[in-house]
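Proteins come first, then strands; the chains are lettered A, B, ... in the order of their sequence lines, and each starts at number 1. Because the structure is predicted, anything quoted here is derived from the model rather than measured.
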Protein chains: 2
Amino acid sequence: MSATLRDIAAATGLSVTQVSRALNDHDDVSVETKIRAREAARALNYRPNLSARRLASGRSGIVGLVLPPQDRTPRDSMFVQMVRGLSGAFSRRGRLFVLHAAEDGEDMVSVHQRLIDGGSLDGFVLIEPEHGDPRVAYLQKRGVPLVMHGRGAPRPDYPFFDIDNVAVGRELTAILLRAGHERIGFVNGIASTCYAAHRREGWDTALRVAGLAVDPALHEHGQMTESVGALATLRMMGGDGPRPTALIAGNMLLAKGIYSALAMLGLKVPGDVSVVAHDDMLPGEDLMSLPPTSGTRAALEQSWEPLADALIGAIEGRPVTQLQQVGGFEIVEAGSVAPPG
Amino acid sequence: MSATLRDIAAATGLSVTQVSRALNDHDDVSVETKIRAREAARALNYRPNLSARRLASGRSGIVGLVLPPQDRTPRDSMFVQMVRGLSGAFSRRGRLFVLHAAEDGEDMVSVHQRLIDGGSLDGFVLIEPEHGDPRVAYLQKRGVPLVMHGRGAPRPDYPFFDIDNVAVGRELTAILLRAGHERIGFVNGIASTCYAAHRREGWDTALRVAGLAVDPALHEHGQMTESVGALATLRMMGGDGPRPTALIAGNMLLAKGIYSALAMLGLKVPGDVSVVAHDDMLPGEDLMSLPPTSGTRAALEQSWEPLADALIGAIEGRPVTQLQQVGGFEIVEAGSVAPPG
DNA sequence: TTGCCAAACCGAAACGCTTCGGGCAAGCCT
DNA sequence: AGGCTTGCCCGAAGCGTTTCGGTTTGGCAA
């Protein structure tokens, strides 16, 4: 068995109360007492009993994420990376991160309810935001801290970490506009996701600002897989109207599909068609073979630390405005863009 | 807030003690009291507080799995499926299943230690067994229940669920021997894994029993990916000695690689080369395009329920011998085997 | 009648921690 | 000198549950 506070109290001659306060860094404990308590704790290999802590304070030090029930295989690899990232980030902050997969027919809200009622979780990381997200509504009603990866509104009233996807869409389009393109196709992510909608909005406004017409035939939503990218490209390039002279890919997998479709059509990049893409920099997707591609770039794995910070901040009761962060992105020039032929 | 035992006691006129015993189905509570307590519990939407339970009884109702730190992308999809399966299986049994990803440089044993000392987990599901597994040694020493997916020895002293991989190797080989093949190649999984070793053993003994020489050049270990399968095939078919007339694939992804390598070499299945494979029946790996392949078949997803049962059995103190289960497999005939040409 | 037993129940202690409300010095102000 | 603050500390209560030991019944045998 692990040592308890009482053991440390006995070893140091302090009271249990004071040891608790010392280890939790309260401010009416003298510095030397804190040191003494900490040393004894380490010597005795003390680990706080999370259940007892939770029972006494209402905090367990455990945070969780509920994996949505749909199984979309292409995302699996990303989920694992996310779990790894969050697990590490919380671990470094002395918290335990825990993943629970919703069952297939199960309602997301009731899964959260079950976890809260069990009395073991301090807060949640949410992914895949929706407009008017019911999970958010429920958790807010119950006063349970949360942080969202992404956001369901331009200016939500809950903590989140997101990148400015409107700007991503705008900048991707702007790169091509600056090179002189006027017919710009966009192979975007799944229609129902917020980030895809934001990027579309960016594309849309960039075109309008440039005084160009927005042709819905030049926009495709879909899963971010190679085949979807290829199919969308074939459809756009084989349409009746004038072909696009440039394409935007929502991520590198879509870009890969675009490249193979263009190769199949005998079109060269950037000679015949320019290509830009947003790169999440997910490792291990074996995209070495892709030609260098201009566009925007924001490492998804840089989300985990801010998310962890924001959730812990929420648990500790910091105001929401301090817990909303928008990450940056880079614009890279790699030679996949040229003026229209 | 959720109702507590005291609320139920107040509502029913019973004592807290008796309500607790009633809800936990102890045997010195009258049937009608049990019913009364259960009804009140439901009416008040009572959820036991896991932290309090854990503190009092030493059981939290939470079990976990620690994801090994290496990131082997081809397995990610399987991990997600496993997490889903286990999460559901434990959920159905009133337990909470929880996943914790080990950090990259982190020692597996110390991760388990941290989780146990935190006092929140009742037991662990272990995956990827090793010979003399240090996790098992540690958990057994601390008296923490565990169940292994697979096994590190033919007859381990801990609970496990596994299929008879020696028999899988033997049967795959036997199918080909019966058709008259004598030079049989085996494209197997990673060398360090137990199941691959077991299958190799089955192949080996089947050959020996048939009075045939065992040629190590006809056995390849590697990741279970399409490219590994293709490369192994090219190597075996291009060797100096006599070519194999039949190939065994460790799973369907390897089989896919074998098929494309054979096609590249202009060899027909089963006319020129026979192929058998073991099929884990993992969904979503888009193997529709594969020709029907004879061999063995055991759905990996049938492991989750037995694993959950075994771990709960271990937690409840049932003897180890009742907690060791070997799942079956099918032998399927699909036309990818013919006598050697 | 008395004594005994089993069935059904209950009070109180315990689990390890946090926190509320206070106590005791020592130093400062007026 | 009396009263206040400040810094450090402690006892005890309480979180919601399980469980140990004991008490109250009613029935049955002696």
Side-chain angles (χ1 to χ4, degrees), chain A residues 1-37 40-41 44-62 94 96 116-122 315-317, chain B residues 1-37 40-41 44-62 94 96 116-122 315-317:
Chain A
M1 291 297 120
S2 190
T4 73
L5 276 192
R6 186 160 32 182
D7 299 329
I8 299 180
T12 56
L14 292 163
S15 71
V16 172
T17 304
Q18 207 60 356
V19 174
S20 169
R21 301 178 69 80
L23 294 180
N24 290 344
D25 209 27
H26 282 229
D27 45 0
D28 64 346
V29 179
S30 71
V31 177
E32 57 189 65
T33 298
K34 283 183 185 173
I35 293 173
R36 206 145 54 101
L44 295 173
N45 189 30
Y46 168 77
R47 312 274 164 181
N49 181 316
L50 298 184
S51 301
R53 173 175 289 178
R54 158 82 201 181
L55 189 56
S57 69
R59 302 262 167 82
S60 63
I62 309 180
L96 188 58
I116 299 167
D117 286 340
S120 17
L121 292 206
D122 286 352
I315 291 170
E316 289 175 349
Chain B
M1 289 300 120
S2 191
T4 73
L5 278 191
R6 185 160 32 184
D7 298 328
I8 299 179
T12 55
L14 292 163
S15 72
V16 172
T17 303
Q18 207 60 356
V19 174
S20 168
R21 302 178 66 81
L23 294 179
N24 290 345
D25 209 27
H26 282 228
D27 45 0
D28 64 346
V29 179
S30 71
V31 177
E32 57 189 64
T33 298
K34 283 184 185 174
I35 293 173
R36 206 145 54 99
L44 295 174
N45 190 29
Y46 167 77
R47 312 273 164 182
N49 181 316
L50 297 185
S51 300
R53 174 174 289 180
R54 157 83 203 183
L55 188 56
S57 69
R59 300 265 168 81
S60 63
I62 308 180
L96 188 57
I116 299 167
D117 286 339
S120 16
L121 292 206
D122 286 351
I315 291 170
E316 290 176 350

Nucleotide [N], atom [atom2] - distance to [atom1] of [X] in whole Å:
X: B:R54; N: D:dT18; atom1: CZ; atom2: C1'; result: 13 Å
X: A:D7; N: C:dG16; atom1: CG; atom2: C1'; result: 10 Å
X: B:K34; N: C:dA7; atom1: NZ; atom2: P; result: 12 Å
X: B:R59; N: C:dA14; atom1: CZ; atom2: P; result: 21 Å

| Does B:T4 reach the side chain of B:N49, with side-chain heavy atoms less than 4.5 Å apart? | no
| field | Partner residues of B:D28 under the salt bridge (charged side-chain N to carboxylate O under 4.0 Å, His left out) criterion, sequence neighbours left out | value | B:R21
| Among all residues two or more places apart in sequence or in another chain, which pass the side chain to side chain donor-acceptor pair (under 3.5 Å) test with A:S57? | none
| Does A:S20 have any side chain to side chain donor-acceptor pair (under 3.5 Å) partners at least two apart in sequence or in another chain, and if so, which? | none
| In the 5'-to-3' direction, what one-character label does each nucleotide of nucleotides 10-17 of chain D receive under the scheme B = base within less than 4.0 Å of a protein heavy atom, S = sugar-phosphate only, - = no such atom? | BBB-BBBB
| query | Which heavy atom in B:D122 sits nearest to a heavy atom in B:G58, and how many Å separate them? | reply | OD1-O, 4.1 Å
| query | Can you name the nearest heavy-atom pair linking A:T33 to A:S30, along with the distance? | reply | OG1-OG, 2.8 Å
| Once you build an axis from the first five pairs and another from the last five of the helix from C:dT1-D:dA30 to C:dT30-D:dA1, how far apart in angle are they, to 10 degrees? | 60°
| message | Treating B:R36 as the side-chain partner and B:T12 as the backbone partner, does any N or O pair qualify as donor plus acceptor under 3.5 Å? | response | yes
| message | Holding to side chain to side chain contact (heavy atoms under 4.5 Å, CB included), I want the full list of residues that pass it with A:D25, two or more places apart in sequence or in another chain. | response | A:K34, A:R38
